[in-house]
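Comments concern the structure below.
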2 protein chains.
Amino acid sequence: MKDTAQETINKIYDSLTRAERQLAGVILENYPMSGMGSITRLAEKASVSTPTVARMVQKLGYSGFPEFQDTLRQEVEARFSNPIAKHESWAQSAPEAHILNRFTDAVMSNIRQTLANIDSEQFDLLTALLADEKRALYITGGRITHALSEYLHLHMQVIRARVRHIRGTSNAWPHDLLDMSEGDVVLIYDIRRYENSTLRLAEIAKERGAKIALITDQWQSPVSQYSDVSLKCRIEAPSAWDSTVSMMLLSETLIAAVQEARWDQTESRMHALEDMFDQTKIFRKFV
Amino acid sequence: MKDTAQETINKIYDSLTRAERQLAGVILENYPMSGMGSITRLAEKASVSTPTVARMVQKLGYSGFPEFQDTLRQEVEARFSNPIAKHESWAQSAPEAHILNRFTDAVMSNIRQTLANIDSEQFDLLTALLADEKRALYITGGRITHALSEYLHLHMQVIRARVRHIRGTSNAWPHDLLDMSEGDVVLIYDIRRYENSTLRLAEIAKERGAKIALITDQWQSPVSQYSDVSLKCRIEAPSAWDSTVSMMLLSETLIAAVQEARWDQTESRMHALEDMFDQTKIFRKFV
DNA sequence: CTACAAATGTAATCATAGTTTCAAAGTAAT
DNA sequence: ATTACTTTGAAACTATGATTACATTTGTAG
């Protein structure tokens, strides 16, 4: 493997001249960031002239300062992108290039980026809206996100009253909007291939005074122009389709957050639900 | 405290134009290293022109690209000398104990464990079964996993013919089994609070000579006694409910794998679908 | 469909960074 | 002390990066 700049410097340190050693000292001092500015700045920091710097990087084996700097940049990048988990293979039983590993790589990165860019205030605001039972809650999704919206709906129904699922994919949704009143919340999932009917729905809901919450991709659905709160998720994947894993994560986190926020009320609802399950014998008793 | 470039970008993201968002995406993608090269390189990576970059950094409040880059450099330097970054907090904008960070922690660990314990041969076997159009495919889920099963069904329908979704939650599923013949595949999602009807379904399908595939949790559904192939997922979460994110990940990976396996046939199906969408004007043209 | 405004890229211009030349200063050997 | 050689930085030069002006394209309202 190729040496890092650091190693090279140490290797040839003895053959360096006075000014060059001075410079080498500064570079190593807080390596590798010191070399990230311009050649002039580095020269000044080491109190030598720019030609001295230029000459030394050539001694180190680089064609010029830019190449030297590129090397440093790459080193920084390597250290950055996940000190530990850089190239761990997720499924050890499969080769690194197996779709299991490639896909998981992408998804992990999606999740990291989604979380890194999330605005926690928006999240908290949305949690508060969803937890407020005075506001009726409408949930809807598009073709791909329908499943997610249904999943959220299922859980929200357990947590609180007045939750409704709108099938955005049907054309019956205007009926659902009849009951909507000022201050109600409409939560919309919308990712690319943004659908026209979803946009219309948001528009109409907005007109009726509803709060619009949006969960969308990094390119943002046009619905965002009407939304009061929105969360952006990364959805890229090595596939012909996008990955909604990060949206699923956010949805579940929302469920957990809302649930936490109103545990008092939810607890009794859950018990009631359990009782009903018991009576209908849907589930196996203790496996 | 002064905002980081990252925060600033997110804050004004809404007011950005198409090309600028494209650029913002690239910057955030592997922030902050992407901004460390020259303006030209950054522009190329984002497929926009250099003026677009120059304009955006000004929108962000910097006097020009060099100042912007200086800021990034300082951020990198700060993170470098800061050893606390070890235990990474996913959403930096929220405290470590925020549900966003706690939940994500759990989910990341679920994914790691799920992948670590997966048997890639089982996965490949399942991929092959799903890719084989000679076998009709039936997909079903339980109360919680219904959404997942529907999601998989949606995609499988695009990829291949003869796919059917069985609503395990209704009591009409015996009807769906009438057409089932030897060698067909039944894919079942089943996680805890395993449902009786799901078990019955598996039993009957097995009797009719179907291959049973199972996606379940780490405690394993009783369906596994009938299954020919099964994948186990971790689903624990700091919540009153389980997290199905890892199942979603596996499902999407399966979709990608099957799709890859039969891309020749799938491609034309997807085009046909696109054409139909165009005709029905469901989607917005290029946002 | 037309007219206008906004967005974006091309190309010219300007600024700064990087390199090279060369002369001055330092150093060591005679 | 003189000469030959090495080191070094000032300054000229060159290349590349950043900015600006302007034309083209794209989208939108009338």
Side-chain angles (χ1 to χ4, degrees), chain A residues 5 9 12-27 32-73 192 194 196 199-200 203 219-226, chain B residues 5 9 12-27 32-73 281 283-287:
Chain A
I9 292 176
I12 66 161
Y13 190 87
D14 292 337
S15 67
L16 296 180
T17 63
R18 188 207 27 91
E20 284 170 346
R21 288 183 191 202
Q22 201 172 311
L23 171 60
V26 170
I27 294 175
M33 288 313 294
S34 47
M36 297 302 273
S38 72
I39 192 175
T40 320
R41 257 206 266 179
L42 178 55
E44 274 168 10
K45 238 192 295 186
S47 310
V48 298
S49 65
T50 47
T52 302
V53 181
R55 276 191 287 263
M56 192 170 91
V57 297
Q58 284 177 6
K59 267 196 192 172
L60 290 172
Y62 302 97
S63 69
F65 191 79
E67 190 182 299
F68 169 73
Q69 201 171 47
D70 266 8
T71 312
L72 290 186
R73 224 197 318 279
R192 68 178 167 189
Y194 311 112
N196 279 319
L199 186 58
R200 295 302 329 272
E203 198 181 339
W219 303 284
Q220 289 216 99
S221 150
V223 168
S224 66
Q225 61 191 288
Y226 302 117
Chain B
I9 292 175
I12 67 157
Y13 192 89
D14 290 337
S15 66
L16 296 180
T17 61
R18 197 225 357 114
E20 284 169 344
R21 284 177 195 208
Q22 203 170 311
L23 171 62
V26 170
I27 294 176
M33 289 313 295
S34 47
M36 296 301 271
S38 73
I39 193 173
T40 319
R41 260 207 263 177
L42 178 56
E44 273 168 11
K45 235 191 299 186
S47 311
V48 298
S49 63
T50 45
T52 303
V53 181
R55 276 190 288 260
M56 192 171 92
V57 297
Q58 284 177 6
K59 264 197 194 173
L60 290 173
Y62 304 97
S63 67
F65 190 80
E67 190 182 302
F68 168 71
Q69 203 171 46
D70 269 6
T71 313
L72 288 188
R73 225 195 319 278
K281 302 208 174 85
F283 296 108
R284 295 168 65 82
K285 272 282 174 198
F286 284 58
V287 187

Are there any protein N/O atoms within less than 3.5 Å of an N/O atom in nucleotides 3-8 of chain C, and if so, which ones and at what distance?
from	atom 1	to	atom 2	distance (Å)
C/dT8	OP1	B/R18	N	3.3
C/dT8	OP1	B/A19	N	2.9
C/dT8	OP2	B/T17	OG1	2.1

Just by distance, do the side chain of B/E20 and the backbone of B/T17 share a donor-acceptor pair under 3.5 Å?
yes
Donor-acceptor check, side chain of A/Q69 to backbone of A/G37, threshold 3.5 angstrom: yes or no?
yes
B/D14 versus A/Q225, side-chain donor and acceptor atoms under 3.5 Å:
no
Whole-Å gap separating P (C/dG18) and CG (A/D70):
11 Å
Measure the shortest side-chain to side-chain distance between A/Y194 and A/V223 over non-hydrogen atoms and say whether it is less than 4.5 angstrom.
no
Sub-3.5 Å donor-acceptor pair from the side chain of A/R73 to the main-chain atoms of B/M36, do we have one?
yes
Gap between atom CG of A/L42 and atom CD1 of A/I27 - 0.5 Å precision:
5.0 Å
Could you state the CD-C1' distance from A/E44 to C/dG18, rounded to the nearest angstrom?
14 Å
Between protein and nucleic acid, restricted to nucleotides 17-19 of chain D and to nitrogen or oxygen atoms under 3.5 Å apart, what atom pairs and distances do you find?
from	atom 1	to	atom 2	distance (Å)
D/dA18	OP2	B/I39	N	2.5
D/dT19	OP1	B/F65	N	3.3
D/dT19	OP2	B/F65	N	3.4

Separation of C/dG18 atom C1' from A/M56 atom CE, nearest Å, is 16 Å
Does any N or O in the side chain of B/T71 come within less than 3.5 Å of the main-chain N or O of B/E67, such that one atom is a donor and the other an acceptor?
yes
Do A/T52 and A/S49 have side-chain N/O donor and acceptor atoms under 3.5 Å apart?
yes
